[in-house]
Visitor: 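Sharing a structure, written as structure tokens. Questions coming.
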Amino acid sequence: MEYDFKAIEQKWQSRWAADKVYRVEVDKSRPKFYVLDMFPYPSGAGLHVGHPLGYIASDIYTRYKRLKGFNVLHPMGYDAFGLPAEQYAIQTGQHPAVTTERNIERYREQMDKLGFSYDWDREIRTCDPDYYHWTQWAFLKMFDSFYDYDLQKARPIAELVHRFEQSGTEGVNAACTAPMSFTASEWGAMDERAREEVLQNYRLAYRADTLVNWCPALGTVLANDEVKDGLSERGGHPVEQKRMKQWSLRITAYAERLLSGLEKLQWSESLKEIQRNWIGRSEGAQVFFGIKGSDEKLEVFTTRPDTIFGVTFMVLAPEHEYVSWLATPEYRQAVEYYQAQAKKRSERERMADTKRVSGQFTGSYAVNPFNGTEIPIYISDYVLAGYGTGAIMAVPAHDSRDYAFAKHFDLPIIPVVDGGDLSESSYDAKAGKMINSDFINGLDVKEAIPVMFAEVEKRGIGKRRINYRLRDAIFSRQRYWGEPFPIYYKDGIAYPLSEDQLPLKLPPIEDFGPTEQGEPPLARVADWKTPEGYPLETSTMPGFAGSSAYYLRYMDPHNHNALVGKTEDEYWRNVDLYVGGIEHATGHLMYSRFWNMFLYDLGYVCEEEPFKKLVNQGMIQGRSNFVYRVVGTNQFVSLGLKDQYQTQEIHVDVNIVKNDILDLDAFRAWRPEFETAEFILEDGKYICGWAVEKMSKSMFNVVNPDYIVEQYGADTLRMYEMFLGPLEQSKPWDTNGIDGVHKFLRRFWRLFFDRDGRLIVTDDKATPAELKTLHKTIKKVNEDVENFSFNTSVSAFMICLNELSDQKCNKREILEPLVVLIAPFAPHLAEELWSQLGHPETIFNASYPQCDEKYLVESEVEYPVSFNGKVRFKKSLPAGLSPREIEEAVLSDPMTGKYLEGKTPKKVIVVPGKIVNVVL
RNA sequence: GCUCGGAUGGUGGAAUAGGUAGACACGCGGGACUUAAAAUCCCGUGGGCAGCGAUGUCCGUACGGGUUCGAUUCCCGUUCCGAGUACCA
């Protein structure tokens, strides 16, 4: 009986499901381990062979940990709200709930075929009201909180109100949109609307007029991480900057904790680096410059206070609020024209020509607080309204952008750091002695910076300050398919619903497009009001809302009273291993950390960081095949001969190519236009060209896992995906290689059964050689799995099998532990063999084999003997010799004498167990 | 531009507290079994040179240097590829 993977996999998959073998519960007698996959967005295209890579790896680790005695939580669900389903709904009129449901079913079907050990009783869907209840709840909590910098944590907003009542803003050090200052009596005198406006300035979920990324094509605003190169991530539509009233989350309050928290995490260095760059911490100072003829001060942010004597002009962002009055009558028209031009340019246009210098003089002058010099104030779009103060002091000698601006407008360039050549470019390096700089002349730049920080503070013209590049997260979308905000409006003031009104369910609608007035679809719903008749917020939450705390919900998915119960939270705590793509580095992985820290501050969860260890699986790319059509004919020429013709490269379906040899009949049948194709062959074959590209339909290189499972089985697919290469690396899929793994599993099966399906496993005693093979493999596989080096563990199994085949080993003593060892990788096969070996219980109740080092001891070691590093011969010596004895044995060898040629060796280097090197 | 990562046979990839480079697998070539095919098994497979042959020998881990008895591994420089970010003051 051959290895019948179809029957085996079906049998065990249905048994696992029927017996709920993978259900987990809180069990304080066993250590917990939480393995999580980034849950998928169920798109209409279904899974291709690249998608399950991470799921397979996490499943192997889950099963491994379970066999090691851990109580492993390994859940799965769906990130089901989002733009694609809604875009599809607009195009086809089908309700997103319907298409989403259909896609989920398809995903589930595909995943089930791969034999994953998820506890499906814990499945969640972000679009399920029972789930988004808690998304809305968290939003309400954020609405009802502010961030206290002194305590470094979020606090209820009532505390802030109390402090305002007591002493106004005096002594309040809280995260806010714009600094505020008022007394207790002024607070007391404010009406409700005014107070609410003040509080919006502090709330962690707040509504404010901000510069947002507006995407006209999608009809919605987008968060920074949803915009790439000035285009929307979804769909690639142009995005423009627009000032709009939007809900935001004050993630910037957590910038420092998000940054410093990275140090404790076992994440890859590159991922941490991406987050560090995204947070973009920079140390500097705010400095106030005087304005000639005015009492107002112009505030700038600089990281180079040492260059302040080199300031020759100031630049404001065109949107800066001072511009309107800084523009003198003479320049007013030109300034307004420039502002209008800047506003018209899309983000993409601006990014496209960062080389071009533009700007406009306002007619006003600022005053350098250190030497009283009067310096012209310009506006230019190279200064961003959103960063720092939206104004800079320009030091053309030591900043390349300021330099370009100065050259263009013919402004003076004063060097203040010695050592650069300013004829062609600025000297930006932070090295050299200060010159032309009054009291800091002669200091090195590195000394001058702290001196100037101190001096700025001493003179009271500014303060040290840390700036972050991180922006608050825009949280509303003018869309239908998302979580409704639990917010209603009364007299234009936003009020939260009470907790017992949650979940606020998304109403059913028929028309998903935006309204004529450009309002969100919910604006069309006539009864989208509170019971009292107040209008509800019509925008919905963005995609990242539902995915920000889903790992917590898995711990206790059916709890109706809390996001997660205390017992469950304190047992499962946080995710021990998180597996997913690196593309979420600046989105989901930032928001989730923020969201979790917030819940931690308020005491709802017991861990500050949600994901202890994180592994990013690489992308599986497609391997495309090409045929070469001779231009203007229907003739196709094989790869090796194509240079003799003028040809056109055409993608050909990889499913009709095997080992780069084209199936000619299948090609003719592939498309009508190729029916009459003729071929110029080499050696009777048509050889295709190939290239590694993204796996996509248009390249005809998509391989469907269903097809692979059908042909080779899930266990083969699982092992082959791991065998392909290191988990974290991107690598191309190549179906051809899969035979090797499949052959391995068939040979493995034949260790247990003869042709007629009779079990041939014996109870004979194993030989030392067999035991050595087994324990060597146990050791290697254990180490590799711990290091997520699954590709080399698969190799280890293959080597083990080769050795056991050589030894014709079919002994239970060897094979039984081996079955357990391979179980995480090929669970169906292992389960079947386990039961055939006479075990009634599932193999995942067994315990993982441990390596016993005593079987690994070598009796003889073969030493390569080298002379001056070059290996000349090998010498076999008994194991366990001391370096001294090895040296003696080698020196007395006649072969050594031959290579010494009468000379005495200078030195002999012995690396026990490895090599002996004789230095001449 | 800045930051990070990478480069090893025809292919995917092994091997780094510095110690026989190319494990394992694909592909390819040869052979066995078979009427034949599939399946299975065995042998060979980085390149050059010498030899009928066992074998010997030189060159080889992107390129150029350095440290070392010895470098794929460590250091300096260069080229190319990938990722992140982009007027961040």
Side-chain angles (χ1 to χ4, degrees), chain A residues 2 228-230 268-278 280-282 284 300-304 307 315 317 350-351 353-357 380-384 386-395 398-402 404-405 428 467-471 582-583 585-586 619 623 659-661 690 692 720 723-726 728-741 743-744 746-747 750 755 789 791-802 805 862-874 905-911 913-920:
Chain A
E2 272 295 298
K228 293 255 143 67
D229 300 324
S268 73
E269 220 20 71
S270 60
L271 178 53
K272 289 188 192 178
E273 196 61 25
I274 291 172
Q275 290 213 338
R276 282 191 200 110
N277 289 340
W278 187 258
R281 181 184 204 267
S282 78
V300 301
F301 175 76
T302 179
T303 54
R304 292 293 301 273
T307 62
V315 188
R350 253 193 50 198
M351 287 161 85
D353 55 13
T354 54
K355 294 277 182 301
R356 208 184 74 202
V357 178
S380 171
D381 61 9
Y382 86 86
V383 173
L384 306 177
Y387 184 77
T389 61
I392 61 156
M393 56 177 228
V395 185
H398 305 291
D399 182 286
S400 55
R401 294 151 306 171
D402 299 346
F405 196 86
D428 294 9
N467 245 326
Y468 299 91
R469 206 187 68 109
L470 185 69
R471 291 285 89 95
I582 191 134
E583 65 273 16
T586 54
M619 267 230 294
R623 188 179 186 280
N659 289 323
D660 293 336
I661 297 164
W690 63 274
V692 173
Y720 184 55
F723 182 70
L724 228 38
E728 308 209 52
Q729 191 175 304
S730 285
K731 58 243 162 189
W733 175 267
D734 184 358
T735 305
N736 293 320
I738 203 167
D739 281 337
V741 172
K743 212 183 324 185
F744 161 78
R746 283 202 310 257
R747 286 177 59 206
R750 287 204 301 269
R755 263 170 203 283
S789 180
N791 55 328
T792 50
S793 27
V794 176
S795 295
F797 283 121
M798 290 178 174
I799 295 167
C800 174
L801 178 60
N802 286 344
S805 299
E862 196 171 62
Y863 283 89
V865 179
S866 65
F867 294 83
N868 284 345
K870 189 147 276 188
V871 174
R872 295 299 176 176
F873 67 91
K874 288 166 194 165
K906 268 191 211 154
K907 174 158 76 152
V908 180
I909 296 153
V910 178
V911 183
K914 293 236 171 156
I915 195 166
V916 179
N917 185 35
V918 182
V919 183
L920 297 175

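A note on names: the letters A, B, ... follow the listed sequences, proteins ahead of strands, and every chain is numbered from 1.
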Visitor: What is the distance from CZ of Arg469(A) to P of C2(B), rounded to the nearest Å?
Guide: 17 Å
Visitor: Quick check for you: among G27(B), C4(B), G13(B), whose closest atom lies nearest to any side-chain atom of Asn659(A)?
Guide: G27(B)
Visitor: For RNA chain B, whose closest nucleotide is more 5', that of Pro726(A) or that of Arg872(A)?
Guide: Pro726(A)
Visitor: Using the C1' atoms only, state how far G12(B) lies from G27(B), rounded to an integer number of Å.
Guide: 11 Å
Visitor: Who is the Watson-Crick or G-U wobble partner of C74(B), with both distances under 3.5 Å?
Guide: G66(B)
Visitor: With the sugar-phosphate defined as primed atoms, P, OP1 and OP2, and the base as all remaining atoms, what B/S/- string results for nucleotides 39-45 of chain B, 5' to 3', for protein heavy atoms under 4.0 Å?
Guide: SSS----
Visitor: Using whole Å, what does the distance between atom P of nucleotide G12(B) and atom CD of Glu728(A) come to?
Guide: 20 Å
Visitor: Going from CG on Asp660(A) to CG on Asp734(A), what distance comes out if it is rounded to the nearest 0.5 angstrom?
Guide: 7.5 Å
Visitor: Considering just the side-chain nitrogens and oxygens of Lys272(A), establish if one lies under 4.0 Å of OP1 or OP2 belonging to U3(B).
Guide: no
Visitor: Provide, to the nearest angstrom, the distance between the NZ atom belonging to Lys874(A) and the C1' atom belonging to G19(B).
Guide: 14 Å
Visitor: From the list A89(B), C87(B), G13(B), which nucleotide is the closest neighbour of the side chain of Phe301(A)?
Guide: A89(B)
Visitor: How long is the straight-line distance from CZ of Phe797(A) back to OG1 of Thr792(A), given to the nearest 0.5 Å?
Guide: 10.5 Å
Visitor: As an exercise, state the distance from CD of Glu583(A) to CD1 of Ile274(A), rounded to the nearest 0.5 Å.
Guide: 10.5 Å
Visitor: Nearest whole angstrom, please: distance from the C1' of A89(B) to the CE of Met393(A).
Guide: 9 Å
Visitor: Take atom P in U73(B) and the same atom in A15(B), then report the distance between them in whole Å.
Guide: 16 Å
Visitor: Determine the Euclidean distance between corresponding P atoms of A54(B) and G46(B); express it in Å to zero decimal places.
Guide: 15 Å
Visitor: Using the side-chain heavy atoms of Ile909(A), tell me which of these nucleotides is nearest: G13(B), A86(B), G19(B).
Guide: G19(B)
Visitor: Counting C-beta onward and ignoring hydrogens, is there a side-chain heavy-atom pair between Arg281(A) and Arg276(A) closer than 4.5 Å?
Guide: no
Visitor: Taking RNA chain B as the partner, which of residues 792-799 of chain A come within under 4.0 angstrom of it by heavy atom?
Guide: Thr792(A), Ser795(A), Met798(A), Ile799(A)
Visitor: Looking at A89(B), I'd like to know if its phosphate oxygens (OP1 or OP2) sit under 4.0 Å from a side-chain N or O belonging to Ser282(A).
Guide: yes
Visitor: Do Asn868(A) and Val919(A) have side-chain heavy atoms sitting under 4.5 Å apart?
Guide: yes
Visitor: Work out how far the C1' atom of C58(B) is from that of A38(B), and round it to whole angstrom.
Guide: 45 Å
Visitor: Classify Val911(A) by what it touches in the nucleic acid, base, sugar-phosphate, or nothing, heavy-atom distance under 4.0 Å.
Guide: base
Visitor: Just to confirm, is there a sub-4.0 Å distance from OP1 or OP2 of G13(B) to any side-chain nitrogen or oxygen of Gln729(A)?
Guide: yes
Visitor: Hey, does the side chain of Tyr382(A) come within less than 4.0 Å of A89(B)'s phosphate (OP1/OP2), counting only N and O?
Guide: no
Visitor: Look through every strand shown and name the nucleotide pairing with G53(B) as Watson-Crick or G-U wobble, where both distances are under 3.5 Å.
Guide: none
Visitor: Is any side-chain heavy atom of Lys731(A) less than 4.5 Å from a side-chain heavy atom of Val692(A)?
Guide: no
Visitor: Which nucleotide in the set G13(B), G84(B), C24(B) lies at the smallest distance from any side-chain heavy atom of Asn802(A)?
Guide: C24(B)
Visitor: Enter the distance from Gln729(A):CD to Asn791(A):CG here, rounded to the nearest 0.5 Å.
Guide: 8.5 Å
Visitor: Ignoring the backbone of Ser866(A), work out which of A89(B), C4(B), G19(B) is nearest its side chain.
Guide: G19(B)
Visitor: If I take atom NZ in residue Lys870(A) and atom C1' in nucleotide A71(B), what distance separates them, rounded to the nearest angstrom?
Guide: 13 Å
Visitor: Parallel, tilted or perpendicular: which one describes the rings of Phe405(A) and Tyr382(A), with boundaries at 30° and 60°?
Guide: tilted
Visitor: Over how many whole Å does the gap from Asn736(A) atom CG to G12(B) atom P extend?
Guide: 13 Å
Visitor: Want to settle it: does Glu269(A) or Thr389(A) sit nearer the 5' end of RNA chain B, counting the closest nucleotide to each?
Guide: Glu269(A)
Visitor: Nearest to the side chain of Phe723(A) - G84(B), C24(B), C87(B)?
Guide: C24(B)
Visitor: Angle class for the Tyr387(A)/Phe301(A) ring planes (parallel below 30°, perpendicular above 60°, tilted otherwise)?
Guide: perpendicular
Visitor: When the C1' atoms of G56(B) and G19(B) are considered, how many whole Å apart are they?
Guide: 24 Å
Visitor: Can you tell me whether the base of G9(B) sits syn or anti, using the 90° cut around 0 to define syn?
Guide: syn
Visitor: In whole angstrom, what separates Asn467(A)'s CG from A89(B)'s P?
Guide: 8 Å
Visitor: Any strand is fair game: report the nucleotide pairing with A15(B) by Watson-Crick or G-U wobble, both distances under 3.5 Å, or none.
Guide: none
Visitor: With the side chain of Pro732(A) defined as its heavy atoms from C-beta on, choose the nearest nucleotide among A89(B), G12(B), U3(B).
Guide: G12(B)
Visitor: Enter the distance from Gln275(A):CD to Asn277(A):CG here, rounded to the nearest 0.5 Å.
Guide: 10.5 Å
Visitor: Quick one: is Asn277(A) getting a side-chain N or O under 4.0 Å of the C4(B) phosphate, OP1 or OP2?
Guide: no
Visitor: Taking CG from Asp399(A) and P from C87(B), how many angstroms apart are they, rounded to a whole number?
Guide: 13 Å
Visitor: If we take the C1' atom in both A83(B) and G64(B), what is their distance in whole Å?
Guide: 27 Å
Visitor: Between U45(B) and U35(B), how far apart are the two P atoms, rounded to whole Å?
Guide: 32 Å
Visitor: Atom OG1 in Thr389(A), atom CG in Leu384(A): separation rounded to 0.5 Å?
Guide: 11.5 Å
Visitor: Mind checking Asn791(A) for me? I need base, sugar-phosphate or nothing, with any heavy atom below 4.0 Å counting as a touch.
Guide: sugar-phosphate
Visitor: Is there a side-chain contact between Met393(A) and Thr307(A) (heavy atoms, below 4.5 Å)?
Guide: yes
Visitor: Salt-bridged, Arg304(A) to Asp428(A), with N to O below 4.0 Å?
Guide: no
Visitor: Provide the Watson-Crick or G-U wobble partner of G84(B), both distances under 3.5 Å; none if there is no partner.
Guide: C2(B)
Visitor: Counting only Watson-Crick pairs (N1-N3 plus N6-O4 or O6-N4) and G-U wobbles (N1-O2, O6-N3), all under 3.5 Å, who is the partner of G10(B)?
Guide: C26(B)
Visitor: Would you mind pulling out the nucleotide paired to U35(B), Watson-Crick or G-U wobble, both distances under 3.5 Å?
Guide: none
Visitor: Provide the distance between the two P atoms, one in G5(B) and one in C75(B), to the nearest whole Å.
Guide: 11 Å
